[in-house]
Engineer: 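Let me give you the structure first, and then I'll get to my questions.
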Amino acid sequence: MGAADLDWTVTMMRRLYPGWEIEQCKGSNLGDGVYPPKGTVYAASWPGVKVIGDQEVVIDAPSRLPEHLVAASARRGDVGVVVSAGTVLA
């Protein structure tokens, strides 16, 4: 798939996490980036695919997804999948 698109990733992060400081970091694989330290979000974006790793979205029910993430995806057709301790919620 290749490296993520930095411009698309920054645009996505500004939409999902307004007011947060955004900085590029060394690349990672999904297994290592899915559960970053609290207060840190790992993200990548490619055409048609967006990935974020954020402890705030590791929840036991999609209805508890933080409101700012729900609002940011309204009318965009976004689909969320949360993977936590072997459980997948979609």
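These numbers come from the heavy atoms of this one structure, side chains and all, not from hydrogens, waters or symmetry mates. Every value quoted in this text rests on a predicted model; they were computed, and no experiment measured them. Throughout, residue positions are numbered sequentially from 1 according to the sequence presented.
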Engineer: Answer yes if the side chains of Asp54 and Tyr17 hold a donor-acceptor pair under 3.5 Å, and no otherwise.
Structural biologist: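 Yes, side-chain donor-acceptor contact under 3.5 Å.
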Engineer: If you take all heavy atoms of Ser45 and Thr9, which pair is closest and at what distance?
Structural biologist: N-OG1, 2.9 Å
Engineer: Can you tell me how far CE of Met13 sits from CD of Glu23, rounded to the nearest 0.5 angstrom?
Structural biologist: 10.5 Å
Engineer: From Met12 CE over to Asp5 CG, what is the distance, rounded to the nearest 0.5 angstrom?
Structural biologist: 10.5 Å
Engineer: Indicate the atoms forming the closest heavy-atom contact of Ile22 with Val10, along with that distance.
Structural biologist: CD1-O, 4.1 Å
Engineer: What pair of heavy atoms forms the shortest contact from Tyr42 to Pro37, and how long is it?
Structural biologist: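 For Tyr42 versus Pro37, the nearest heavy atoms are OH-CD, 3.9 Å.
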Engineer: Would you find a donor on one side and an acceptor on the other, under 3.5 Å apart, between the side chain of Trp8 and the backbone of Ala44?
Structural biologist: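 Not at all, since once roles are kept as given, no pair shorter than 3.5 Å links the two residues.
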